[in-house]
Enquirer: 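Let me give you the structure first, and then I'll get to my questions.
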Amino acid sequence: LSDKVIAIVPAAGLARRLGEDKALVRLGALSAVERIVATCAAAGIVDVRIVRRSSATALPQGLAATCCTADTDSMIDSLRAAIAVDTPPGDASVVVWPVDHPLVGADVVTRLCAARHGGDQIVLPVCAGRPGHPILLVGAPILELLDASTSSLRDVVRRNPDRVNAVEVADSWVFRDIDEPADLRAANGYLEWLGRPATAIMRSHRSRRRYASEEVGERQIEWLVETARHCSTSSFIQSYSAVVVRDPERKNRIAELCGDQDHIRSAPVFIAICADLARIERCCRMHGRSMHVDSLEGFVEATVDASLFGQNLQLAAESEGLGSCMIGAARDHPVALAELLALPKFVYVVFGLTLGWADDDPIPRSRMPLEAILHEETYRSEGLDRHLAAADESMRSWARTTNRARSDGGKAIDERRGWTDRMAWLWGRGAPKGREKLRHELRRLGFGLESAGEHRDRRPE
Ligand SMILES: Cc1cc2nc3c(=O)[nH]c(=O)nc-3n(C[C@H](O)[C@H](O)[C@H](O)COP(=O)(O)O)c2cc1C
(Lines give C-alpha, C1' and ligand atoms only; values in the text may rest on other atoms or scores of the structure.)
Protein backbone atom coordinates (compact mmCIF):
# COMPACT_ATOMS: atom_id res chain seq x y z
CA LEU A 1 0.00 0.00 0.00
CA SER A 2 1.49 3.33 -1.04
CA ASP A 3 1.41 6.40 1.19
CA LYS A 4 -0.17 8.36 -1.64
CA VAL A 5 -3.55 9.78 -0.67
CA ILE A 6 -5.67 11.89 -2.98
CA ALA A 7 -8.41 14.07 -1.54
CA ILE A 8 -11.40 14.71 -3.78
CA VAL A 9 -13.69 17.54 -2.73
CA PRO A 10 -17.03 17.48 -4.56
CA ALA A 11 -18.19 21.13 -4.62
CA ALA A 12 -20.36 21.29 -7.74
CA GLY A 13 -23.77 21.21 -6.02
CA LEU A 14 -26.13 24.15 -6.26
CA ALA A 15 -26.55 24.67 -2.51
CA ARG A 16 -30.17 25.72 -2.87
CA ARG A 17 -30.97 25.50 0.84
CA LEU A 18 -27.92 27.47 1.90
CA GLY A 19 -28.42 30.05 -0.85
CA GLU A 20 -24.64 30.55 -1.12
CA ASP A 21 -21.78 28.79 -2.84
CA LYS A 22 -20.79 26.20 -0.22
CA ALA A 23 -17.17 26.14 -1.34
CA LEU A 24 -16.76 29.86 -0.74
CA VAL A 25 -18.78 30.47 2.44
CA ARG A 26 -16.75 32.16 5.15
CA LEU A 27 -15.85 30.10 8.14
CA GLY A 28 -13.86 32.38 10.38
CA ALA A 29 -10.98 33.80 8.37
CA LEU A 30 -11.11 31.17 5.62
CA SER A 31 -13.55 29.92 3.02
CA ALA A 32 -14.77 26.31 3.22
CA VAL A 33 -12.40 25.09 0.47
CA GLU A 34 -9.43 26.91 1.96
CA ARG A 35 -10.17 25.22 5.26
CA ILE A 36 -10.35 21.75 3.70
CA VAL A 37 -7.13 22.29 1.73
CA ALA A 38 -5.35 23.55 4.88
CA THR A 39 -6.61 20.55 6.87
CA CYS A 40 -5.47 18.18 4.13
CA ALA A 41 -2.01 19.78 4.25
CA ALA A 42 -1.94 19.39 8.03
CA ALA A 43 -2.78 15.70 7.58
CA GLY A 44 -0.07 15.30 4.94
CA ILE A 45 -2.32 15.16 1.86
CA VAL A 46 -0.97 17.32 -0.97
CA ASP A 47 -2.98 16.07 -3.98
CA VAL A 48 -6.33 17.81 -3.47
CA ARG A 49 -8.84 17.93 -6.33
CA ILE A 50 -11.83 20.25 -6.04
CA VAL A 51 -14.77 19.66 -8.34
CA ARG A 52 -16.68 22.75 -9.49
CA ARG A 53 -19.27 23.66 -12.07
CA SER A 54 -17.86 25.35 -15.17
CA SER A 55 -19.99 28.43 -14.36
CA ALA A 56 -18.90 28.64 -10.69
CA THR A 57 -16.98 31.57 -9.22
CA ALA A 58 -13.23 31.02 -9.37
CA LEU A 59 -11.60 29.45 -6.34
CA PRO A 60 -9.37 31.67 -4.17
CA GLN A 61 -6.03 32.54 -5.75
CA GLY A 62 -3.08 30.43 -4.74
CA LEU A 63 -5.17 27.55 -3.40
CA ALA A 64 -2.94 24.47 -3.31
CA ALA A 65 -5.45 22.30 -5.15
CA THR A 66 -6.40 21.18 -8.66
CA CYS A 67 -9.75 22.45 -9.91
CA CYS A 68 -11.78 19.97 -11.98
CA THR A 69 -15.13 20.63 -13.62
CA ALA A 70 -18.38 18.71 -13.55
CA ASP A 71 -21.73 20.31 -14.34
CA THR A 72 -23.74 18.05 -12.13
CA ASP A 73 -25.44 17.73 -8.77
CA SER A 74 -24.38 14.10 -8.59
CA MET A 75 -21.58 13.26 -6.19
CA ILE A 76 -20.48 10.20 -8.15
CA ASP A 77 -20.12 12.16 -11.40
CA SER A 78 -17.99 14.69 -9.51
CA LEU A 79 -15.78 11.91 -8.16
CA ARG A 80 -15.37 10.42 -11.63
CA ALA A 81 -14.42 13.82 -13.05
CA ALA A 82 -11.75 14.25 -10.39
CA ILE A 83 -10.33 10.77 -10.84
CA ALA A 84 -10.24 11.27 -14.64
CA VAL A 85 -7.97 14.32 -14.27
CA ASP A 86 -5.09 12.10 -13.31
CA THR A 87 -6.03 8.52 -12.54
CA PRO A 88 -4.65 7.55 -9.15
CA PRO A 89 -1.93 4.91 -9.16
CA GLY A 90 -3.41 1.49 -8.41
CA ASP A 91 -2.36 1.50 -4.79
CA ALA A 92 -3.24 5.11 -3.91
CA SER A 93 -6.07 5.83 -1.50
CA VAL A 94 -8.82 8.35 -2.16
CA VAL A 95 -10.38 10.52 0.53
CA VAL A 96 -13.86 11.64 -0.51
CA TRP A 97 -14.43 14.93 1.31
CA PRO A 98 -17.69 16.69 0.47
CA VAL A 99 -17.31 20.46 0.72
CA ASP A 100 -20.15 20.68 3.24
CA HIS A 101 -17.96 19.09 5.91
CA PRO A 102 -15.28 21.78 6.09
CA LEU A 103 -14.70 21.73 9.85
CA VAL A 104 -13.54 18.13 10.18
CA GLY A 105 -10.18 18.23 11.96
CA ALA A 106 -6.85 16.93 10.65
CA ASP A 107 -6.73 14.36 13.45
CA VAL A 108 -9.77 12.61 11.95
CA VAL A 109 -8.10 12.36 8.54
CA THR A 110 -4.86 11.15 10.10
CA ARG A 111 -6.78 8.48 11.99
CA LEU A 112 -8.62 7.34 8.85
CA CYS A 113 -5.32 7.04 7.00
CA ALA A 114 -3.70 5.21 9.89
CA ALA A 115 -6.62 2.76 10.11
CA ARG A 116 -6.31 1.52 6.53
CA HIS A 117 -4.50 -1.68 5.80
CA GLY A 118 -3.46 -3.42 2.61
CA GLY A 119 -6.72 -4.87 1.28
CA ASP A 120 -9.73 -3.38 -0.50
CA GLN A 121 -11.60 -1.33 2.00
CA ILE A 122 -13.54 1.70 3.05
CA VAL A 123 -12.62 3.62 6.20
CA LEU A 124 -15.20 6.01 7.56
CA PRO A 125 -15.52 8.09 10.73
CA VAL A 126 -18.34 7.51 13.21
CA CYS A 127 -19.20 10.02 15.93
CA ALA A 128 -21.84 9.32 18.58
CA GLY A 129 -23.08 6.40 16.50
CA ARG A 130 -23.47 8.47 13.34
CA PRO A 131 -21.34 7.67 10.28
CA GLY A 132 -19.94 10.68 8.49
CA HIS A 133 -17.36 12.12 6.12
CA PRO A 134 -14.68 12.18 4.82
CA ILE A 135 -14.53 8.59 3.63
CA LEU A 136 -11.30 6.87 2.68
CA LEU A 137 -11.37 4.37 -0.19
CA VAL A 138 -8.62 1.87 -0.89
CA GLY A 139 -8.35 -0.46 -3.93
CA ALA A 140 -11.48 -2.01 -5.46
CA PRO A 141 -13.98 0.56 -4.10
CA ILE A 142 -12.20 3.24 -6.17
CA LEU A 143 -12.58 1.16 -9.34
CA GLU A 144 -16.23 0.52 -8.48
CA LEU A 145 -16.81 4.27 -8.45
CA LEU A 146 -15.68 4.38 -12.06
CA ASP A 147 -17.92 1.49 -13.09
CA ALA A 148 -20.92 2.82 -15.04
CA SER A 149 -23.26 0.41 -13.24
CA THR A 150 -22.56 2.08 -9.88
CA SER A 151 -25.09 4.80 -9.15
CA SER A 152 -23.77 6.33 -5.94
CA LEU A 153 -20.95 6.37 -3.40
CA ARG A 154 -23.46 5.04 -0.90
CA ASP A 155 -23.91 1.91 -3.08
CA VAL A 156 -20.18 1.30 -2.92
CA VAL A 157 -20.10 1.77 0.84
CA ARG A 158 -23.09 -0.51 1.44
CA ARG A 159 -22.10 -3.24 -1.01
CA ASN A 160 -20.05 -5.24 1.44
CA PRO A 161 -20.10 -4.39 5.16
CA ASP A 162 -17.09 -6.67 5.72
CA ARG A 163 -14.76 -4.26 4.04
CA VAL A 164 -16.01 -1.18 5.94
CA ASN A 165 -13.83 -0.07 8.82
CA ALA A 166 -15.63 2.41 11.08
CA VAL A 167 -13.34 4.60 13.15
CA GLU A 168 -14.84 6.09 16.31
CA VAL A 169 -14.04 9.83 16.56
CA ALA A 170 -15.16 12.66 18.85
CA ASP A 171 -15.46 15.26 16.06
CA SER A 172 -19.16 15.99 15.47
CA TRP A 173 -18.39 17.77 12.20
CA VAL A 174 -18.02 14.42 10.50
CA PHE A 175 -21.83 14.20 10.51
CA ARG A 176 -22.79 17.87 10.93
CA ASP A 177 -22.76 19.34 7.45
CA ILE A 178 -23.22 22.92 6.25
CA ASP A 179 -26.53 22.63 4.51
CA GLU A 180 -28.69 25.48 5.81
CA PRO A 181 -28.01 29.00 7.13
CA ALA A 182 -28.39 27.71 10.71
CA ASP A 183 -25.55 25.22 10.07
CA LEU A 184 -23.31 28.03 8.85
CA ARG A 185 -24.12 30.10 11.94
CA ALA A 186 -23.38 27.09 14.13
CA ALA A 187 -20.06 26.47 12.37
CA ASN A 188 -18.95 30.07 12.90
CA GLY A 189 -20.05 30.03 16.55
CA TYR A 190 -18.07 26.84 17.02
CA LEU A 191 -14.94 28.36 15.42
CA GLU A 192 -15.17 31.47 17.57
CA TRP A 193 -14.99 29.36 20.73
CA LEU A 194 -12.72 26.62 19.42
CA GLY A 195 -9.70 25.82 21.55
CA ARG A 196 -10.90 27.51 24.74
CA PRO A 197 -10.49 25.26 27.74
CA ALA A 198 -13.66 24.24 29.58
CA THR A 199 -12.64 26.40 32.55
CA ALA A 200 -12.44 29.51 30.34
CA ILE A 201 -15.91 28.78 28.94
CA MET A 202 -17.32 28.37 32.46
CA ARG A 203 -15.74 31.63 33.56
CA SER A 204 -17.22 33.58 30.67
CA HIS A 205 -20.77 32.46 31.44
CA ARG A 206 -23.45 35.14 31.49
CA SER A 207 -27.21 34.66 31.29
CA ARG A 208 -28.35 36.09 27.95
CA ARG A 209 -31.79 37.59 27.55
CA ARG A 210 -31.88 39.07 24.04
CA TYR A 211 -31.46 37.09 20.84
CA ALA A 212 -30.94 37.59 17.13
CA SER A 213 -33.70 36.18 14.94
CA GLU A 214 -31.41 33.48 13.47
CA GLU A 215 -32.49 29.89 14.01
CA VAL A 216 -30.57 27.32 15.99
CA GLY A 217 -30.32 24.23 13.78
CA GLU A 218 -32.00 20.96 14.75
CA ARG A 219 -28.80 18.99 14.34
CA GLN A 220 -26.87 21.38 16.56
CA ILE A 221 -29.41 20.97 19.35
CA GLU A 222 -29.40 17.23 18.87
CA TRP A 223 -25.62 17.22 19.21
CA LEU A 224 -25.67 19.44 22.31
CA VAL A 225 -28.27 17.23 24.02
CA GLU A 226 -26.39 14.11 22.93
CA THR A 227 -23.29 15.57 24.60
CA ALA A 228 -24.98 16.97 27.72
CA ARG A 229 -26.51 13.60 28.61
CA HIS A 230 -23.07 12.27 29.45
CA CYS A 231 -23.31 13.98 32.84
CA SER A 232 -23.08 11.96 36.04
CA THR A 233 -26.37 10.43 37.11
CA SER A 234 -27.41 9.02 40.50
CA SER A 235 -27.30 5.20 40.40
CA PHE A 236 -27.38 5.51 36.59
CA ILE A 237 -31.09 6.39 36.72
CA GLN A 238 -30.74 8.99 33.88
CA SER A 239 -33.87 10.70 35.10
CA TYR A 240 -33.83 13.65 32.73
CA SER A 241 -35.53 14.61 29.49
CA ALA A 242 -35.47 17.70 27.30
CA VAL A 243 -38.45 19.06 25.38
CA VAL A 244 -37.36 21.45 22.63
CA VAL A 245 -39.97 24.08 21.78
CA ARG A 246 -39.73 26.34 18.72
CA ASP A 247 -43.37 26.95 17.88
CA PRO A 248 -44.02 30.69 18.54
CA GLU A 249 -47.51 30.09 19.93
CA ARG A 250 -46.33 27.44 22.36
CA LYS A 251 -43.38 29.65 23.38
CA ASN A 252 -45.76 32.53 23.93
CA ARG A 253 -47.89 30.38 26.23
CA ILE A 254 -44.75 29.22 28.06
CA ALA A 255 -43.70 32.86 28.51
CA GLU A 256 -47.13 33.60 30.01
CA LEU A 257 -46.77 30.68 32.40
CA CYS A 258 -43.26 31.80 33.36
CA GLY A 259 -43.97 35.26 34.73
CA ASP A 260 -44.48 36.74 31.27
CA GLN A 261 -40.73 36.84 30.59
CA ASP A 262 -40.43 38.30 27.13
CA HIS A 263 -37.01 36.81 26.39
CA ILE A 264 -38.68 33.40 26.25
CA ARG A 265 -40.71 34.67 23.29
CA SER A 266 -37.73 36.21 21.51
CA ALA A 267 -35.42 33.21 21.96
CA PRO A 268 -35.66 30.92 18.92
CA VAL A 269 -35.68 27.89 21.19
CA PHE A 270 -36.96 27.05 24.67
CA ILE A 271 -35.85 23.76 26.16
CA ALA A 272 -37.79 22.34 29.09
CA ILE A 273 -35.35 20.50 31.36
CA CYS A 274 -37.44 17.79 32.96
CA ALA A 275 -36.96 15.49 35.91
CA ASP A 276 -38.26 12.27 34.44
CA LEU A 277 -39.17 9.20 36.46
CA ALA A 278 -41.62 7.87 33.85
CA ARG A 279 -39.03 5.45 32.47
CA ILE A 280 -38.16 4.19 35.96
CA GLU A 281 -41.84 3.72 36.76
CA ARG A 282 -42.16 1.59 33.62
CA CYS A 283 -39.12 -0.48 34.69
CA CYS A 284 -40.76 -1.13 38.04
CA ARG A 285 -44.02 -2.21 36.43
CA MET A 286 -42.16 -4.42 33.93
CA HIS A 287 -40.59 -6.22 36.88
CA GLY A 288 -43.68 -6.46 39.08
CA ARG A 289 -42.83 -3.69 41.53
CA SER A 290 -44.27 -0.31 42.33
CA MET A 291 -42.03 2.75 42.28
CA HIS A 292 -41.35 4.48 45.60
CA VAL A 293 -42.08 7.85 44.02
CA ASP A 294 -43.63 9.09 47.22
CA SER A 295 -40.23 9.60 48.79
CA LEU A 296 -38.72 13.03 48.96
CA GLU A 297 -35.39 11.38 48.15
CA GLY A 298 -36.73 10.08 44.82
CA PHE A 299 -37.86 13.56 43.93
CA VAL A 300 -34.52 15.08 44.92
CA GLU A 301 -32.57 12.47 42.96
CA ALA A 302 -34.56 13.12 39.81
CA THR A 303 -34.27 16.88 40.28
CA VAL A 304 -30.51 16.75 40.87
CA ASP A 305 -30.05 14.56 37.80
CA ALA A 306 -32.08 16.93 35.62
CA SER A 307 -30.15 19.94 36.94
CA LEU A 308 -26.78 18.37 36.16
CA PHE A 309 -28.02 17.60 32.67
CA GLY A 310 -29.36 21.17 32.24
CA GLN A 311 -26.10 22.73 33.39
CA ASN A 312 -24.15 20.46 31.04
CA LEU A 313 -26.44 21.49 28.20
CA GLN A 314 -25.97 25.19 28.89
CA LEU A 315 -22.21 24.74 29.02
CA ALA A 316 -22.18 22.71 25.79
CA ALA A 317 -24.26 25.44 24.11
CA GLU A 318 -21.94 28.17 25.36
CA SER A 319 -18.92 26.23 24.10
CA GLU A 320 -20.37 26.61 20.60
CA GLY A 321 -21.03 30.35 21.00
CA LEU A 322 -24.75 30.10 21.83
CA GLY A 323 -26.33 32.17 24.58
CA SER A 324 -28.93 30.99 27.04
CA CYS A 325 -30.76 31.71 30.26
CA MET A 326 -32.19 29.23 32.73
CA ILE A 327 -35.86 29.77 33.54
CA GLY A 328 -36.80 28.74 37.07
CA ALA A 329 -40.17 30.39 36.57
CA ALA A 330 -41.05 27.15 34.78
CA ARG A 331 -42.07 26.04 38.30
CA ASP A 332 -44.68 28.80 38.62
CA HIS A 333 -47.39 26.60 37.07
CA PRO A 334 -46.02 23.05 36.86
CA VAL A 335 -49.31 21.38 35.96
CA ALA A 336 -50.26 23.85 33.20
CA LEU A 337 -46.76 23.62 31.74
CA ALA A 338 -46.82 19.81 31.91
CA GLU A 339 -50.15 19.82 30.05
CA LEU A 340 -48.84 22.23 27.41
CA LEU A 341 -45.84 19.95 26.79
CA ALA A 342 -47.89 16.73 27.06
CA LEU A 343 -45.61 15.42 29.80
CA PRO A 344 -46.56 12.00 31.13
CA LYS A 345 -47.06 11.33 34.83
CA PHE A 346 -43.86 11.35 36.92
CA VAL A 347 -42.29 14.10 34.79
CA TYR A 348 -42.02 17.80 35.68
CA VAL A 349 -40.09 20.77 34.33
CA VAL A 350 -37.31 21.64 36.79
CA PHE A 351 -36.32 24.70 34.79
CA GLY A 352 -36.31 25.94 31.23
CA LEU A 353 -33.43 27.01 29.07
CA THR A 354 -33.75 29.70 26.44
CA LEU A 355 -31.30 29.23 23.60
CA GLY A 356 -30.21 31.40 20.71
CA TRP A 357 -27.57 33.60 19.18
CA ALA A 358 -27.33 36.28 21.84
CA ASP A 359 -27.76 39.89 20.87
CA ASP A 360 -27.00 41.47 24.25
CA ASP A 361 -23.75 42.05 26.08
CA PRO A 362 -24.51 42.00 29.83
CA ILE A 363 -21.86 42.97 32.33
CA PRO A 364 -20.78 39.72 34.01
CA ARG A 365 -21.87 39.33 37.63
CA SER A 366 -18.95 38.61 39.87
CA ARG A 367 -19.58 35.98 42.54
CA MET A 368 -19.41 35.91 46.32
CA PRO A 369 -15.78 36.00 47.56
CA LEU A 370 -14.13 32.60 47.15
CA GLU A 371 -13.32 32.39 50.89
CA ALA A 372 -17.05 32.32 51.62
CA ILE A 373 -17.49 29.25 49.43
CA LEU A 374 -14.27 27.29 49.78
CA HIS A 375 -13.56 25.57 53.12
CA GLU A 376 -10.65 23.36 54.07
CA GLU A 377 -11.46 20.16 55.97
CA THR A 378 -14.35 21.70 57.95
CA TYR A 379 -16.79 24.52 57.38
CA ARG A 380 -15.70 27.91 58.74
CA SER A 381 -18.33 30.52 59.49
CA GLU A 382 -16.01 33.30 60.66
CA GLY A 383 -15.61 36.13 58.23
CA LEU A 384 -19.19 35.72 57.02
CA ASP A 385 -20.15 39.35 57.65
CA ARG A 386 -17.08 40.50 55.76
CA HIS A 387 -17.96 38.24 52.82
CA LEU A 388 -21.55 39.48 52.79
CA ALA A 389 -20.37 43.09 52.84
CA ALA A 390 -18.17 42.29 49.84
CA ALA A 391 -21.14 40.64 48.10
CA ASP A 392 -23.22 43.79 48.77
CA GLU A 393 -20.56 46.03 47.30
CA SER A 394 -20.09 43.75 44.31
CA MET A 395 -23.85 43.84 43.64
CA ARG A 396 -23.99 47.65 43.85
CA SER A 397 -20.95 48.01 41.66
CA TRP A 398 -22.50 45.67 39.06
CA ALA A 399 -25.72 47.72 39.17
CA ARG A 400 -23.79 50.98 38.63
CA THR A 401 -21.76 49.60 35.73
CA THR A 402 -24.79 47.99 34.13
CA ASN A 403 -26.88 51.17 34.40
CA ARG A 404 -24.05 53.18 32.87
CA ALA A 405 -23.58 50.68 30.03
CA ARG A 406 -27.30 50.58 29.20
CA SER A 407 -27.83 52.97 26.36
CA ASP A 408 -31.07 51.26 25.32
CA GLY A 409 -33.09 52.75 28.15
CA GLY A 410 -33.61 49.29 29.73
CA LYS A 411 -35.07 49.20 33.24
CA ALA A 412 -32.62 50.81 35.69
CA ILE A 413 -31.32 48.64 38.50
CA ASP A 414 -31.53 50.06 42.02
CA GLU A 415 -27.91 50.89 42.82
CA ARG A 416 -28.56 51.28 46.55
CA ARG A 417 -29.62 47.70 47.08
CA GLY A 418 -26.93 45.15 47.86
CA TRP A 419 -27.03 41.36 47.66
CA THR A 420 -28.04 40.75 51.27
CA ASP A 421 -31.17 42.85 51.16
CA ARG A 422 -32.22 41.28 47.85
CA MET A 423 -31.82 37.81 49.33
CA ALA A 424 -33.73 38.84 52.46
CA TRP A 425 -36.51 40.11 50.23
CA LEU A 426 -36.56 36.90 48.18
CA TRP A 427 -36.26 34.46 51.07
CA GLY A 428 -37.82 36.32 53.95
CA ARG A 429 -41.37 36.06 52.69
CA GLY A 430 -43.74 33.11 52.45
CA ALA A 431 -43.27 30.86 49.46
CA PRO A 432 -40.65 32.27 47.13
CA LYS A 433 -42.01 33.84 43.95
CA GLY A 434 -45.59 32.84 44.63
CA ARG A 435 -44.94 29.11 44.38
CA GLU A 436 -47.29 28.31 47.25
CA LYS A 437 -48.92 25.60 45.17
CA LEU A 438 -45.70 23.89 44.15
CA ARG A 439 -46.00 20.90 46.48
CA HIS A 440 -49.66 20.41 45.60
CA GLU A 441 -48.95 20.64 41.86
CA LEU A 442 -45.94 18.33 41.99
CA ARG A 443 -48.12 15.76 43.75
CA ARG A 444 -50.62 16.03 40.91
CA LEU A 445 -47.76 15.23 38.53
CA GLY A 446 -46.95 12.06 40.46
CA PHE A 447 -44.30 13.17 42.95
CA GLY A 448 -45.31 12.36 46.52
CA LEU A 449 -42.68 14.41 48.40
CA GLU A 450 -43.16 12.48 51.62
CA SER A 451 -40.46 12.49 54.32
CA ALA A 452 -37.16 10.71 53.69
CA GLY A 453 -38.95 7.64 52.37
CA GLU A 454 -38.14 4.02 52.94
CA HIS A 455 -35.82 2.56 50.40
CA ARG A 456 -37.03 -0.94 50.31
CA ASP A 457 -34.63 -2.50 47.92
CA ARG A 458 -31.60 -0.37 47.50
CA ARG A 459 -29.46 2.21 49.15
CA PRO A 460 -29.31 5.45 47.17
CA GLU A 461 -25.86 6.75 46.36
C1 LIG B 1 -32.27 27.31 38.15
C2 LIG B 1 -32.20 28.73 37.66
C3 LIG B 1 -33.35 29.40 37.33
C4 LIG B 1 -33.28 30.70 36.81
N5 LIG B 1 -34.44 31.33 36.44
C6 LIG B 1 -34.38 32.52 35.80
C7 LIG B 1 -35.57 33.10 35.29
O8 LIG B 1 -36.68 32.58 35.43
N9 LIG B 1 -35.45 34.27 34.62
C10 LIG B 1 -34.26 34.88 34.42
O11 LIG B 1 -34.22 35.92 33.77
N12 LIG B 1 -33.11 34.35 34.91
C13 LIG B 1 -33.15 33.19 35.59
N14 LIG B 1 -31.99 32.59 36.04
C15 LIG B 1 -30.70 33.24 35.79
C16 LIG B 1 -30.12 33.85 37.06
O17 LIG B 1 -30.82 35.02 37.36
C18 LIG B 1 -28.64 34.13 36.82
O19 LIG B 1 -27.98 32.93 36.56
C20 LIG B 1 -27.99 34.82 38.00
O21 LIG B 1 -28.57 36.07 38.24
C22 LIG B 1 -26.49 35.02 37.76
O23 LIG B 1 -26.27 35.74 36.57
P24 LIG B 1 -25.42 35.15 35.39
O25 LIG B 1 -26.02 33.84 35.01
O26 LIG B 1 -25.51 36.16 34.27
O27 LIG B 1 -24.01 35.02 35.88
C28 LIG B 1 -32.02 31.33 36.62
C29 LIG B 1 -30.87 30.63 36.98
C30 LIG B 1 -30.95 29.35 37.49
C31 LIG B 1 -29.68 28.64 37.87
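None of these values were measured; they are calculated from a predicted model. Remember, it's 1-based here, ligands and their atoms both numbered in the order they're listed.
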Enquirer: Met395 and Arg417: which non-hydrogen atoms are nearest, and at how many Å?
Expert: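 For Met395 and Arg417, the tightest heavy-atom pair comes out as CG-O, 3.8 Å.
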Enquirer: Could a heavy atom of Arg208 be found less than 4.0 Å from some atom of ligand 1?
Expert: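 Not so, Arg208 does not reach ligand 1.
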Enquirer: Hey, is Met326 touching ligand 1 through its side chain, its backbone, both or neither, going by heavy atoms under 4.0 Å?
Expert: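 It is both backbone and side chain that touch ligand 1.
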Enquirer: Suppose I only count heavy atoms of Ala329 and a 4.0 Å limit; which atoms of ligand 1 are within that range?
Expert: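 Selected atoms, number and element: 8 (O).
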Enquirer: For ligand 1, indicate whether the residue Arg367 contacts it via side chain, backbone, both or neither (heavy-atom separation under 4.0 Å).
Expert: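 Only the side chain of Arg367 comes within reach of ligand 1.
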Enquirer: Does any N/O atom on His205 come nearer than 3.5 Å to any N/O atom on ligand 1?
Expert: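 Looking only at distances, the answer is yes, because the N/O contact criterion of under 3.5 Å is met.
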Enquirer: Which pairs with one or both residues in residues 267-280 pass salt bridge (Lys or Arg N to Asp or Glu O under 4.0 Å), sequence neighbours excluded?
Expert: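 Matches after skipping sequence neighbours: Asp276-Arg279.
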Enquirer: Give me the ring orientation class for Phe447 and Tyr348: parallel if the planes are under 30° apart, tilted from 30 to 60°, perpendicular past 60°.
Expert: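 Phe447 and Tyr348: perpendicular rings.
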Enquirer: What atoms of ligand 1 come within less than 4.0 Å of a heavy atom belonging to Gln261?
Expert: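 So the answer, numbered in order with elements, is 7 (C), 8 (O), 9 (N), 10 (C), 11 (O).
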Enquirer: Numbering the atoms of ligand 1 from 1, which are under 4.0 Å from a heavy atom of His263?
Expert: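 In order of number, 11 (O).
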Enquirer: Taking all heavy atoms of Val350 and all of Ser307, pick out the closest pair and write down the distance.
Expert: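 So the two residues come closest at CG1-OG, 4.0 Å.
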Enquirer: To the nearest 0.5 angstrom, please state how far the OG atom of Ser31 sits from the CZ atom of Arg26.
Expert: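 CZ of Arg26 is found 5.5 Å from OG of Ser31.
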Enquirer: Please classify the Pro364 to ligand 1 contact at 4.0 Å (heavy-atom distances, strictly less than): side chain, backbone, both or neither.
Expert: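 Pro364 to ligand 1: no contact under 4.0 Å from either part.
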Enquirer: When the ring planes of Phe309 and Tyr240 are compared, do they come out parallel, tilted or perpendicular, using 30° and 60° as the limits?
Expert: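 Phe309 vs Tyr240 ring planes: parallel.
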Enquirer: Side chain or backbone, does Cys325 bring an N or O within less than 3.5 Å of an N or O on ligand 1?
Expert: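 Between Cys325 and ligand 1, no N or O pair is found under 3.5 Å apart.
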Enquirer: Distance under 4.0 Å to a non-hydrogen atom of Arg206: what atoms of ligand 1 satisfy this?
Expert: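 Ligand 1 atoms under the 4.0 Å threshold to Arg206: 26 (O).
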Enquirer: Hey, which of Glu320, Arg185, Glu215 is the one that makes side chain to side chain donor-acceptor pair (under 3.5 Å) with Gln220?
Expert: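 Among the candidates, only Glu320 passes.
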Enquirer: Going by ring pair (Phe, Tyr, Trp, His ring centres under 6.0 Å), name the pairs with one or both residues in residues 359-379, residues two or more places apart or in two chains.
Expert: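 Only His375-Tyr379 qualify under ring pair (Phe, Tyr, Trp, His ring centres under 6.0 Å).
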Enquirer: What atoms in ligand 1 come closer than 4.0 Å to a heavy atom of Arg209?
Expert: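 Reading through ligand 1 atom by atom, the close ones are 10 (C), 11 (O), 12 (N), 15 (C), 16 (C), 17 (O).
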